[in-house]
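No experiment lies behind these values; they were computed from the predicted model shown.
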Amino acid sequence: MRSKMRLTGLLVLVAMMLLAGAYLLLGGGEKPATLRGYVGGEKIGLLDDSAVQDILERKYRLTLDCVKAGSLDMVTADHTGRDFLFPSSQNALEYYQQLCGSPQRSEIIFNTPLVLYTRRPVLEAFQARGLVQEQDGCYYIDMAGLVAEIETGVTWADLGLPELYGTVAVNTTDPRRSNSGNLFAGLIANVLCGGVADQSNIEGVLPRLRAIFERLGYMESSSADLFDQFLKMGMGAKPIIAGYENQLLEFAIQNPDDWAKLGGDIVILYPTPTVWSSHIYIALDEEGVRGIDALLDEEVQRLAWERHGFRTGVAGADSAASFGVEHVASSITRVAPIPNYETMEQIIAYLG
């Protein structure tokens, strides 16, 4: 009888150990937590994705409570009660370090190239002008040639598009507040300098850079808002904008009926050269660090590419066609470095 009781007790102990191991293996060792933070608008779709949320809750016991903000705005915002920032540029991390010191931890989660979006009549006008070339099924726009057209005041009517008002310009977000505009300013600075803008050459081109941006008038503070306006307002209001490649890929996947109506008219132009937008997660406290491993989860990374168009380590070059968007580059090769933080700080100060 006594040996039977011992055996039963041993079996109960083993069962408890197995249950405890399974609990820890499934993420039960971490307490459930809600992480609060600021996020670039272009990533809201990903973080609102129910499949992504399920992975974060099931495997990491995390819920992300996100507020949309421009990449630079979120650095200067009130961080009280916030666990993380999720901007769209590594320069935002350097900006944070300058203002606030070192974060708890930071990590690049995924990347996306800066692209231009336009409509087919503008594409055809640019092709006739020699500004756009087609290669391997993708459209590449000569940024030096485009900047020259902008600086000399070429009108849309000069390009055979009299229905469009004013001179050629690329609408972008406010470079003082949003990363896509910030990246576009850095890209234009590179073009004006004939290489990579830095402290040795930026001073001489700053007046030209400001003149280009002064033509734009009001600029949105969010890349998501700008892209939404581009889709809704048509060619007359915003003939061409600067944005992220993933925005159109995500839109096509998430809104197939709308894309079926719009897809024949909207075109991606890859700048030659372009620049990468690195979406970097900045953990403000120990709790916020948990978000890094969760977002780098292989399943989350796969969904980030397949359903939201962010280029990750699991993004297959041969899978770009799955979005149903024509002229998407299988790989991004014509890339220039963005100017360093000190140079970008000087650019933003001058544009302000």
### W305/F323 aromatic ring centres below 6.0 Å
yes
### Query
For E326, does the CD atom sit with more than 12 other heavy atoms under 6.0 Å from it, leaving out its own atoms?
no
### Query
Is any side-chain heavy atom of I282 closer than 4.5 Å to a side-chain heavy atom of F84?
no
### Query
Can F230 and I266 be said to form a side chain to side chain contact (heavy atoms under 4.5 Å, CB included), step by step?
CA-CA 10 Å; F230 169 75; I266 295 176; 4.0 Å; yes
## Note on the structure
dist Q254:CD -> D48:CG (nearest 0.5 Å) comes out at 10.5 Å
### Message
Looking at I280, is its backbone amide N or carbonyl O close enough to the side chain of S278 to form a donor-acceptor pair, meaning the two atoms are under 3.5 Å apart?
### Response
no
### Query
Quick one: are R307 and D49 in side-chain contact, heavy atoms under 4.5 Å?
yes
### Query
Are any side-chain N or O atoms of T173 and backbone N or O atoms of G181, one a donor and one an acceptor, separated by less than 3.5 Å?
yes
#### Entry: Basic-acidic side-chain contact under 4.0 Å: R129, E149
yes
### Task
Among I188, V205, L206, find the residue that satisfies the side-chain contact (heavy atoms from CB on, under 4.5 Å) test when tested with I347.
L206
### N-O pairing of K59 and E299 below 4.0 Å
yes
#### Entry: Close side-chain approach of L226 and K238, heavy atoms under 4.5 Å
yes
### Query
Tell me, do Y244 and S88 make a side-chain contact under 4.5 Å, heavy atoms counted?
yes
### Task
Identify the residue among E94, Q346, Q98 that makes a side chain to side chain donor-acceptor pair (under 3.5 Å) with Y341.
Q98
### Message
Under a 3.5 Å threshold, yes or no: a donor from one side chain and an acceptor from the other, between R334 and Y140?
### Response
no
### Query
With side chains defined as the heavy atoms from C-beta onward, is the minimum distance between H279 and S89 less than 4.5 Å?
no
### Task
Keeping the roles fixed (side chain from H79, backbone from M74), state whether a donor-acceptor pair exists under 3.5 Å.
yes
#### Entry: Pair D228 + K232: basic N to acidic O under 4.0 Å
yes
### Message
For F227 and F251, take the angle between the two ring planes, folded into 0 to 90°, and tell me which bin it lands in: parallel under 30, tilted 30 to 60, perpendicular over 60.
### Response
perpendicular
### Task
State which residue, out of N182, I348, T76, fulfils the side-chain contact (heavy atoms from CB on, under 4.5 Å) condition with Y95.
T76
### Task
Assess the pair Y139 and Y270: is the distance between their ring centroids shorter than 6.0 Å?
no
### Task
List the steps, then state whether side chain to side chain contact (heavy atoms under 4.5 Å, CB included) holds for V170 with L146.
CA-CA 9 Å; V170 177; L146 178 61; 3.9 Å; yes
### Query
Q301 versus I109: any side-chain heavy-atom pair under 4.5 Å?
yes
#### Entry: R36 side-chain N/O to R82 backbone N/O, donor-acceptor pair under 3.5 Å
no
### Task
Begin with the C-alpha distance, continue with both residues' side-chain angles, and end with the deciding distance and a verdict on salt bridge (Lys or Arg N to Asp or Glu O under 4.0 Å) for E245 and R311.
CA-CA 9 Å; E245 179 195 52; R311 294 190 181 247; 2.8 Å; yes
#### Entry: Contact summary for N201 and C193, nearest pair of heavy atoms
OD1-SG, 3.4 Å
### Message
Is the shortest side-chain heavy-atom distance between M235 and E163 below 4.5 Å?
### Response
yes
### Message
Strictly below 4.0 Å, N to O, side chains only: are D265 and R120 in salt-bridge contact?
### Response
no
#### Entry: pair W156-V122: side-chain heavy atoms closer than 4.5 Å
yes
### Message
Using a 3.5 Å distance criterion without hydrogens, assess whether the side chain of D174 forms a donor-acceptor pair with backbone atoms of R176.
### Response
yes
